[in-house]
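Quick notes on the structure that follows.
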Amino acid sequence: MSHDQDDNRTDLGRPDLGRRGLLKCMGWAGTGALWTMSGGVGAAISLDQALGAPAKAASFSFLQISDSHVGFNKPANPDAAATYREAVAKISTLPQKPDFIIHTGDITQLSKDQEFDDAEQIIKAAGLPVFYVPGEHDMLDEGGGKAYLDRFGKGTKGAGWYSFDHKGVHFVALINVANLKPGGMGSLGGDQLEWLERDLKGRPSSQPIVVFAHMPLWTVYADWGWGTDDAPQAMAYLARFGSVTVLNGHIHQVTQKVEGNIAFHTARSTAFPQPVGGQGPSPGPLKVPTEQLHSMLGITTASITRGHGPIALTDQTLADPTLAS
Amino acid sequence: MNKILLAGAYALALAMGVADLRDLAAYAAPAVAAAAGPTVKIDNFVFGPEALTVTVGTTVTWINQDDIPHNIVANDKSFKSKVLDTDERFSFTFTKPGEYGYFCGLHPHMTGKVIVKAG
Ligand SMILES: [Cu+2]
């Protein structure tokens, strides 16, 4: 599915590699993507690959989970908490323990206290630190995001943005779901962009950067608002760095794109799938037969091994007997 | 038909006296608006109708028919709903003429407008 979208893209940064060489299907199963940092190059491998294969040489790894939508109980998935629990259970059985998890937003369905409580309880089972950014579903309390900030926003700035360093890699958490403008897509806003410029200033261009935010930081499908209006300004600040990996959620499917030294990637949801941009009446939940749901959630990821090999995208289902756990 | 009804109402008004007509209007207006006011349905991430024309005093009701929550936010922030989950509604009474653009605060590419004409 993601391949159809990729066919419309130009990979400006890697003209030497043909489309097939750059984006190649690999087997992958799992509800999250396991990220391995190796020499500053992000590599996503599937949970099941990680469970089965010997760990690659890596200084550390971390995990991305997205769009758990705890509280969602509509036909597309009557129990989003249960599938979130399954995803988290996979993490705790990994032979190589990730250093931490990033959750790229839409933790809850409706920002209710009970939903946040449940979500925290579920991910606690992984026994790992979690770094969050909110999705638009996490901004629905009376205070317009106050509930999220009270829980997860300690030490953050503005609507909740922050950065940190881990083993030489600089991580930047951006918020693009606050103060949205009529007719627009995601938005970072002037204050956050100024902060980002200052945050990056003085860092050597050789330092690997990982940026994460809920909505895609490139335009995946404008008609459905799948992008961030002022992301180009952020990318201008990031362009001088040799290795930038941008991790997003929101669209409940894997897509990726490489532009210069910046690799963009969106992760699957642990709650329900969404259609490919434009291929359906709306970006609402994609309803699939019950026996298919599990496989649609568990089955997609990307491998990014820039410098070592091609960026890999994967579409397979947990129903595949070789992948079923 | 309208003429006959109007004539009937006018005759009734004459019979009741002007003050009584005002009372009648005060009673009738809110009840009629709540029961039969125009609705905007949210379906597949679209406000329908996208543009709605009403007269001053009209109460407009939005109904979310999607499986995903939406809300209603006036571009000028003059009104804002709480989040509407599936089948939930939000009503707002327009008391001043004008053009009121609005959008969904979760999915801002969703936009609509209410054009309020003087009665
Ligand atoms: Cu919406």
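Computed over heavy atoms, backbone and side chain alike; hydrogens, waters and symmetry mates excluded. Convention: sequence-line order gives letters A, B, ...; per-chain numbering from 1.
In terms of heavy-atom proximity, Val60(B) sits nearest to Phe94(B) at CG2-CE1, 3.6 Å. Nearest heavy-atom pair across His265(A) and Gln64(A) is ND1-OE1, 3.9 Å.
Of all residues in residues 182-191 of chain A, those placing a non-hydrogen atom less than 4.5 angstrom from a non-hydrogen atom of chain B are Pro182(A), Gly183(A), Gly184(A), Met185(A). Of residues 133-149 of chain A, those residues lying under 4.5 Å from chain B by any heavy-atom pair are Glu136(A), His137(A), Leu140(A).
Looking at Lys181(A), the atoms closer than 4.5 Å to chain B (heavy atoms on both sides) all sit in the backbone: N, CA, C or O. In this structure, chain A has no heavy atom under 4.5 Å from any part of Asp66(B). If you measure heavy-atom distances from Leu180(A) to chain B, the contacts under 4.5 Å come from both the backbone and the side chain.
In terms of non-hydrogen atom pairs under 4.5 Å with chain A, the most contact-rich of Ile68(B), Leu106(B), Asp85(B), Val83(B) is Leu106(B). Top candidate by heavy-atom pairs under 4.5 Å with chain B, chosen from Pro75(A), Ala76(A), Pro281(A), Ala222(A), is Pro281(A). Among Asn75(B), Thr111(B), Asp67(B), the residue making the largest number of heavy-atom pairs under 4.5 Å with chain A is Asp67(B).
In this structure, a donor-acceptor pair under 3.5 Å is absent between the side chains of Asp67(A) and Ser269(A). No donor-acceptor contact under 3.5 angstrom links the side chains of Thr59(B) and Ser91(B), judged on distance only. Side chains of Ser68(A) and His103(A): a donor on one and an acceptor on the other come within 3.5 Å.
Other residues, nucleotides and ligands contribute over 12 non-hydrogen atoms within 6.0 Å of the CG atom of Asp118(A). Residue Gln65(B) places its CD atom among more than 12 non-hydrogen atoms of other residues, nucleotides or ligands, all under 6.0 Å distant.
Applying side-chain hydrogen bond (donor to acceptor under 3.5 Å, both in side chains) to His214(A) and the options Asp106(A), Asn176(A), Thr228(A) leaves one that passes, Asp106(A).
Of the possible donor and acceptor atoms, none in the side chain of Ser66(A) sits under 3.5 Å from a partner among the backbone N and O of Ala267(A).
No close placement of the Tyr84(A) and His69(A) rings is indicated, their centers lying 6.0 Å or farther apart.
Contact check on Asp79(A) versus Lys74(A) returns no salt bridge, with no Lys/Arg side-chain nitrogen under 4.0 Å from an Asp/Glu carboxylate oxygen.
Under the 30°/60° scheme for interplanar angles, the aromatic rings of Phe264(A) and Trp218(A) are found to be tilted.
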